Trainee: 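My questions all concern the structure below.
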Amino acid sequence: VAVQSVDLLHPEAADTLVGTALREFGRLDILINNASTFYPTQIGEITFAHWDDLMGSNVKGPLFLSQAAAPSLRRQSGLIINIVDIHGLRPLKRHPVYSIAKAGLAMLTRSLARELGPEVRVNGIAPGPVLWPEHGMDEALKREIIAKTALKRYGTPQDIARTALFLAKDAPYITGQIIAVDGGRSV
């Protein structure tokens with residue numbers, strides 16, 4: 001299996017990545033847009049670089065990668081899954097640009113479903129507390145977040161993978177939807 005690393009903000013990156021996949025596998029059935037940057041951007045300290053980075057990785061990259069993959073996905077009656085975030089629907093304090101970017105990805109999901117249908121289905125998965133930030137997080141804050149879920153526990157990457165598998169395998173009449181996989185935190 002080919003491993004390809006690209007900067008999704010580079011103009012040729014999407015075509016390069018799709019081309020590599022087609023050369024390796026001969027076809028493209030599913031695109032999962034999961035690349036993302038995540039960090040706080042407090043009002044009064046937001047820079048153009050923050051905006052460009054967060055909007056680029058969370059909206060621009062998925063848009064152009066979806067566009068590059070669309071012809072191949074149409075031939076296979078394929079699927080695009082965008083990894084959104086519950087904070088694209090409910091803003092996260094001290095993360096306005098990230099929240100705006102994920103809201104943009106949610107709208108991109110719905111827009112692509114309308115634009116690429118009927119050949120390509122497009123859905124989103126909005127994870128809740130599944131993986132904690134790499135830079136670490138206060139244990140008290142983790143407990144507070146978990147306490148706000150209906151299931152009183154965090155999820156796993158396997159929960160997200162099972163939802164993606166459901167969309168790919170068992171949901172041929174679902175498109176334009178965003179499924180919250182958040183232990184009930186969004187309720």
Side-chain angles (χ1 to χ4, degrees), residues 1-41 46-76 78-89 91-92 95-117 119-128 130-135 157 160-161 163-165 167-168 175-181:
V1 175
V3 174
Q4 180 76 38
S5 176
V6 297
D7 176 355
L8 290 176
L9 302 183
H10 192 273
E12 289 85 33
D15 291 332
T16 299
L17 199 54
V18 169
T20 299
L22 290 173
R23 279 190 302 283
E24 181 71 19
F25 302 109
R27 60 190 271 174
L28 186 58
D29 296 279
I30 300 172
L31 168 63
I32 299 179
N33 285 310
N34 187 38
S36 174
T37 50
F38 170 81
Y39 49 84
T41 52
I46 299 169
T47 66
F48 281 97
H50 294 144
W51 178 268
D52 291 344
D53 179 46
L54 288 162
M55 293 299 288
S57 68
N58 289 292
V59 182
K60 183 179 179 179
L63 168 65
F64 286 100
L65 194 50
S66 297
Q67 180 174 268
S72 300
L73 291 169
R74 279 188 167 120
R75 286 191 292 277
Q76 302 304 323
L79 169 66
I80 296 172
I81 298 174
N82 291 323
I83 304 301
V84 185
D85 190 310
I86 61 169
H87 296 298
L89 310 171
L92 177 62
H95 292 75
V97 179
Y98 175 79
S99 296
I100 292 165
K102 287 301 188 175
L105 184 58
M107 183 52 70
L108 178 63
T109 300
R110 293 178 184 105
S111 295
L112 288 174
R114 190 168 284 266
E115 296 294 325
L116 299 178
E119 298 90 357
V120 179
R121 293 179 302 115
V122 184
N123 291 293
I125 298 172
V130 172
L131 293 174
W132 303 113
E134 292 176 359
H135 56 74
I160 306 305
T163 305
L165 183 60
L167 288 169
T175 194
Q177 301 303 306
I178 298 169
I179 301 173
V181 182

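Quick note: residue numbers are just sequence positions, from 1. The structure displayed is predicted, hence computed values, not measured ones.
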Trainee: Identify the heavy atoms of Pro157 and Leu131 that sit nearest to each other, and give their distance.
Mentor: CG-CD2, 3.8 Å
Trainee: First locate atom CZ of Arg110, then atom CD1 of Ile178, and finally report the distance between them rounded to the nearest 0.5 Å.
Mentor: 4.0 Å
Trainee: What are the two closest heavy atoms between Ala106 and Leu89, and how far apart are they?
Mentor: CB-CD2, 4.4 Å
Trainee: Measuring from atom CG of Leu108 to atom NZ of Lys102, what distance do you get when rounded to the nearest 0.5 angstrom?
Mentor: 11.0 Å
Trainee: Would you confirm whether Thr37, through its side chain, and Ser57, through its main-chain N or O, come within 3.5 Å as a donor-acceptor pair?
Mentor: no
Trainee: So, applying side-chain hydrogen bond (donor to acceptor under 3.5 Å, both in side chains) with Thr109, which one of Asn123, Thr175, Asn82 is it?
Mentor: Asn82
Trainee: Identify the two heavy atoms, one from Pro91 and one from Ser99, that lie closest to each other, and give their separation to 0.1 Å.
Mentor: CA-OG, 3.6 Å
Trainee: Give me the atom names and distance for the closest heavy-atom approach of Asn33 to Leu65.
Mentor: OD1-CD2, 3.5 Å
Trainee: Could you pull out the closest heavy-atom pair between Ala101 and Asn58, with the gap in Å?
Mentor: CB-CB, 3.7 Å
Trainee: Is the backbone of Leu167 close enough, under 3.5 Å, to the side chain of Arg121 for a donor and an acceptor to pair up by distance?
Mentor: yes
Trainee: So do Leu73 and Glu119 actually touch side chain to side chain, heavy atoms under 4.5 Å?
Mentor: no
Trainee: Walk me through whether Thr41 and Trp51 qualify under side-chain contact (heavy atoms from CB on, under 4.5 Å).
Mentor: CA-CA 9 Å; Thr41 52; Trp51 178 268; over 6 Å; no
Trainee: Hey, is the main chain of Gly19 close enough, under 3.5 Å, to the side chain of Arg23 for a donor-acceptor pair?
Mentor: yes
Trainee: Could you measure the distance from the CG atom of Leu63 to the CG atom of Leu105? Nearest 0.5 Å is fine.
Mentor: 10.0 Å
Trainee: If we check ring-ring contact (aromatic ring centres under 6.0 Å, His included) with Phe38, which of these qualifies: His50, His95, His87?
Mentor: His95
Trainee: To the nearest 0.5 Å, what is the distance between CG (Leu31) and CD1 (Ile80)?
Mentor: 5.5 Å
Trainee: Once you round to the nearest 0.5 Å, how far does CD1 of Ile125 lie from CD1 of Ile81?
Mentor: 5.0 Å
Trainee: Of all heavy-atom pairs between Leu22 and Leu28, which one has the smallest distance, and what is that distance?
Mentor: CD2-N, 3.9 Å
Trainee: Determine whether more than 12 heavy atoms belonging to other residues, nucleotides or ligands lie under 6.0 Å from atom CD of Gln76.
Mentor: yes
Trainee: Check step by step if side-chain contact (heavy atoms from CB on, under 4.5 Å) holds for Phe64 and Leu8.
Mentor: CA-CA 8 Å; Phe64 286 100; Leu8 290 176; over 6 Å; no
Trainee: Could you grab the distance from atom CG of Asp15 to atom OG1 of Thr20, nearest 0.5 Å is fine?
Mentor: 10.5 Å
Trainee: Quick one: does Met55's side chain get under 4.5 Å of Ile100's, heavy atoms only?
Mentor: yes
Trainee: Is there a donor-acceptor contact under 3.5 Å linking the side chains of Arg114 and Ser111?
Mentor: no
